[in-house]
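This report refers to the structure that appears directly beneath it.
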Amino acid sequence: RLEEGNGQLDLIKTFWKEEAKVLIITASPDDAERNSSTIRCFKDAFPMSGLSVSEILMCDRENMALVDDLSGIDVIILTGGHVPTENVFFKELGLREKLRDFDGLVIAWSAGSMNCADTVYAGPEIPVPRISKSDDPSAGTGVKGRSMSMCFGLCAEEKNIPADGRRTGGNGQGAGS
């Protein structure tokens with residue numbers, strides 16, 4: 001079940017389409033186990049929270065093409081995790097450009113919401129590969145104003161998961177949070 005105490009779930013319900021097609025864009029593109037766990041949690045949490053879903057898709061390293069055509073997607077979720085890792089993945093996807101004409105609901109939390117800014121400063125605790133030497137590690141997707149930042153109390157199995165080989169400290173929010 002999604003968090004209801006802060007009023008954001010009620011707000012989301014006002015924009016949520018019946019039988020929404022949801023695309024989750026992960027902060028951990030190479031962690032298939034974590035991404036499968038995220039999908040399992042949401043498949044239960046959405047209906048228990050009064051949000052009907054026709055399909056939930058996960059955009060990770062194996063499914064990067066899912067962002068190439070967003071015309072059939074109603075909701076995009078930008079997950080939390082390790083900010084620099086997610087930032088690099090968003091750039092690999094060309095997410096900033098692809099979200100420009102997206103007319104659905106964008107929901108982001110933690111790293112996902114931070115990476116929605118035009119400029120992101122989050123010093124990496126561990127080395128993160130850059131796409132190219134000219135790549136600016138501080139550039140976000142720039143979708144601010146079109147997103148909601150929301151912290152979800154999801155599944156217990158989402159707590160204390162390794163992020164890039166490091167423990168998250170038990171809060172599920174990414175290394176060093």
Side-chain angles (χ1 to χ4, degrees), residues 2-3 8 12 22-46 56-68 70 73 75-99 102 104-131 135-144 146-177:
L2 302 180
E3 174 63 42
Q8 289 187 359
I12 287 172
V22 178
L23 175 62
I24 299 172
I25 302 177
T26 183
S28 305
D30 300 307
D31 191 341
E33 185 177 327
R34 181 177 188 161
N35 296 333
S36 293
S37 174
T38 298
I39 288 177
R40 282 192 309 274
C41 285
F42 278 117
K43 280 185 178 177
D44 292 337
F46 286 142
I56 300 174
L57 304 169
M58 175 64 73
C59 178
D60 58 13
R61 184 84 55 217
E62 298 297 317
N63 300 302
M64 291 173 65
L66 288 173
V67 298
D68 291 342
L70 300 175
I73 301 296
V75 178
I76 293 176
I77 296 177
L78 308 174
T79 68
H82 187 252
V83 176
T85 300
E86 182 180 64
N87 192 292
V88 168
F89 185 57
F90 283 4
K91 289 174 190 167
E92 290 173 353
L93 293 170
L95 193 58
R96 179 185 193 113
E97 189 61 36
K98 291 173 180 166
L99 287 177
F102 179 67
L105 178 62
V106 177
I107 301 172
W109 70 86
S110 194
S113 61
M114 288 183 249
N115 281 316
C116 285
D118 282 324
T119 303
V120 178
Y121 177 77
E125 301 91 13
I126 58 173
V128 177
R130 294 175 88 176
I131 297 169
D135 182 40
D136 179 0
S138 67
T141 59
V143 296
K144 64 181 186 222
R146 296 187 60 209
S147 63
M148 294 180 191
S149 174
M150 185 171 199
C151 291
F152 292 102
L154 290 176
C155 299
E157 65 193 40
E158 286 295 315
K159 305 289 186 190
N160 203 22
I161 302 173
D164 291 337
R166 297 177 62 154
R167 288 279 164 194
T168 62
N171 63 9
Q173 298 299 310
S177 294

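For D30, the salt bridge (Lys or Arg N to Asp or Glu O under 4.0 Å) partners two or more places apart in sequence, or in a different chain, are R61. Under the side chain to side chain donor-acceptor pair (under 3.5 Å) criterion, K98 pairs with D68, sequence neighbours left out. Remark: T79 pairs with no residue by the side chain to side chain donor-acceptor pair (under 3.5 Å) rule, at least two apart or across chains. For D44, there are no side chain to side chain donor-acceptor pair (under 3.5 Å) partners two or more places apart in sequence or in a different chain.
Looking at heavy atoms from C-beta onward, K91 lies out of side-chain contact with L95 at the 4.5 angstrom threshold. When side chains are defined from C-beta on, S28 does not count as touching F89, because their heavy atoms never get closer than 4.5 Å. Counting heavy atoms from C-beta on, the side chains of F42 and V22 never come closer than 4.5 Å. Within the 4.5 Å cutoff, the side chain of W109 has heavy atoms near those of the I77 side chain. Side chains of V88 and P29 form no contact here, defined as non-hydrogen atoms less than 4.5 Å apart. Residues N115 and V83 form a side-chain contact, since some pair of their non-hydrogen atoms from C-beta on lies under 4.5 Å apart. Here the side chains of L57 and I73 are in contact, with some heavy-atom distance below 4.5 Å.
Distance check, rounded to the nearest 0.5 Å: NZ of K43 to CD1 of I56 gives 6.5 Å. From C59, atom SG reaches atom CD1 of I24 across 10.5 Å, with rounding to the nearest 0.5 Å. For the atom pair L78 CG and M114 CE, the distance stands at 12.0 Å (nearest 0.5 Å).
Scanning all heavy atoms of the two residues, the minimum distance from A111 to H82 falls at CB-C, 4.3 Å. The two residues S110 and G80 come nearest to each other via the heavy atoms CB-CA, 3.9 Å. The shortest non-hydrogen separation linking V75 to F102 is N-CZ, 4.3 Å. Residues A27 and E86 approach most closely at CB-OE2, 3.4 Å, considering heavy atoms.
Using modelled atom types, one finds a donor on one side chain and an acceptor on the other under 3.5 Å when comparing T26 with N35.
When atom types are taken as modelled, the side chain of T38 and the backbone of R34 share a donor-acceptor pair closer than 3.5 angstrom.
The side-chain contact (heavy atoms from CB on, under 4.5 Å) test with L99 singles out one residue from L93, I76, V67, and that residue is I76.
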